[in-house]
Amino acid sequence: NFMLTQPHSVSESPGKTVTISCTRSSGSIASNYVQWYQQRPGSSPTTVIYEDSQRPSGVPDRFSASIDSSSNSASLTISGLQTEDEADYYCQSYASNNHWIFGGGTKLTVL
Amino acid sequence: EVQLVESGGGLVKPGGSLRLSCAASGFTFSSYSMNWVRQAPGKGLEWVSSISTGRNYIYYADSVKGRFTISRDNAKNSLYLQMNSLRAEDTAVYYCARESSSPENFDYWGQGTLVTVSS
């Protein structure tokens with residue numbers, strides 16, 4: 001199985017933009033969709049991005065995502081940061097052996 | 001309203017067993033693959049196991065293969081995880097999650113149930 005590597009933590013000020021990366025260790029990032037989940041403290045995860053770049057209804061358009069084959073990575077970008085965005089973010093993708101792979105998670109601090 | 005409610009967690013000694021349940025409501029349970037995902041204290045998410053709608057396809061993470069068994073009862077709208085030969089490293093909050101194939105994602109999660117393996 002491949003691994004999905006995320007930065008352990010990122011921080012930024014309210015109103016700014018932050019990007020969280022998710023790098024696939026082997027195989028193409030484009031070969032399977034990437035999802036992003038938000039987990040606020042004490043809560044269950046919720047989807048903020050599915051299928052690489054799609055936003056579920058109810059997720060603000062401040063959340064966007066993309067994949068980059070040249071760096072074999074996916075990125076989640078949150079613009080106009082708000083204090084409510086402070087949470088852990090996880091990327092996820094599907095492996096060829098029918099296993100789901102999660103990234104290690106990134107703790108976002110909105111200073 | 002879609003609801004997933006886990007139960008069955010608790011304190012168990014190393015080597016012991018526990019059976020988790022996930023009661024589903026608000027959707028046609030038999031139409032969705034289901035998953036168990038766990039989260040050790042202060043750690044990230046780890047996928048544990050998945051089961052297809054008709055139980056034809058069952059998969060396990062290497063860390064639990066041979067010790068855990070996933071099952072479902074579509075008539076009872078319930079998902080289960082039988083955990084045997086438990087180890088300290090199995091200590092975690094266990095979530096059940098509904099898997100949507102279109103669009104692809106785990107679109108609903110339960111609130112989780114805590115399993116603590118300790119002597």
Side-chain angles (χ1 to χ4, degrees), chain A residues 1-10 20 22 29-59 63 65 67 74 76 87-108, chain B residues 1-7 9 20 22 24 32-53 55-65 68 70 79 92-114:
Chain A
N1 280 343
F2 57 88
M3 290 173 44
L4 296 173
T5 300
Q6 302 179 230
H8 181 68
S9 63
V10 295
I20 298 171
C22 170
I29 191 71
S31 58
N32 299 92
Y33 285 130
V34 175
Q35 280 66 245
W36 290 90
Y37 299 91
Q38 176 191 68
Q39 186 179 34
R40 294 192 172 106
S43 296
S44 303
T46 60
T47 307
V48 291
I49 294 287
Y50 63 86
E51 295 181 351
D52 294 342
S53 60
Q54 304 304 305
R55 255 188 339 270
S57 59
V59 174
F63 289 79
I67 62 167
L76 172 68
D88 294 326
Y89 291 86
Y90 296 90
C91 58
Q92 177 209 39
S93 193
Y94 196 59
S96 58
N97 61 351
N98 303 112
H99 290 194
W100 287 97
I101 308 296
F102 284 97
T106 299
K107 181 179 179 61
L108 169 63
Chain B
E1 178 194 6
V2 172
Q3 281 201 312
L4 297 170
V5 179
E6 301 95 335
S7 60
L20 306 183
C22 172
Y32 290 86
S33 293
M34 297 295 296
N35 291 263
W36 287 99
V37 177
R38 69 184 180 182
Q39 186 170 35
K43 303 296 184 182
L45 301 174
E46 179 188 15
W47 172 79
V48 172
S49 182
S50 66
I51 185 168
S52 62
T53 55
R55 295 168 290 188
N56 311 60
Y57 302 101
I58 289 175
Y59 304 102
Y60 298 98
D62 292 346
S63 57
V64 306
K65 195 169 186 178
F68 290 12
I70 192 172
L79 175 72
V93 173
Y94 285 73
Y95 296 99
C96 67
R98 188 178 88 167
E99 179 181 330
S100 170
S101 59
S102 183
E104 178 179 294
N105 76 116
F106 288 8
D107 59 353
Y108 286 94
W109 299 63
Q111 85 290 347
T113 187
L114 175 62

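Chain A is the first sequence line, chain B the second, and so forth, proteins listed ahead of strands; every chain is numbered from 1.
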Is the closest side-chain donor-acceptor distance between B:Glu99 and B:Ser50 under 3.5 Å? no
Decide yes or no for B:Tyr57 and B:Ser33: does some side-chain heavy atom of the first lie under 4.5 Å from some side-chain heavy atom of the second? no
Do B:Glu6 and B:Tyr94 have side-chain atoms, one donor and one acceptor, less than 3.5 Å apart? no
Proximal component of A:Asp88, with respect to chain B [non-hydrogen, under 4.5 Å]: neither
A:Asn1 versus chain B, heavy atoms under 4.5 Å apart: side chain, backbone, both or neither? neither
Counting heavy-atom pairs under 4.5 angstrom with chain A, the leader among B:Gly112, B:Gly44, B:Pro103, B:Gly110 is B:Pro103
Could you tell me which portion of A:Gln54 (side chain, backbone, both or neither) has an atom closer than 4.5 angstrom to a non-hydrogen atom of chain B? neither
Considering only heavy atoms, which portion of A:Tyr90 lies under 4.5 Å from any heavy atom of chain B: side chain, backbone, both, or neither? side chain
Between B:Val48 and chain A, with a heavy-atom cut-off of 4.5 Å, which part of the residue counts as in contact: side chain, backbone, both or neither? neither
Can you tell which part of A:Gln35 gets under 4.5 Å to a heavy atom of chain B, answering side chain, backbone, both or neither? side chain
Give, for atom OG1 of A:Thr47 and atom CD of A:Gln92, the distance between the pair rounded to the nearest 0.5 Å. 8.0 Å
When rounded to the nearest 0.5 angstrom, what distance separates CG in B:Leu79 from CH2 in B:Trp36? 5.0 Å
In terms of relative ring orientation, are B:Phe106 and B:Trp109 parallel, tilted or perpendicular, with 30° and 60° separating the classes? tilted
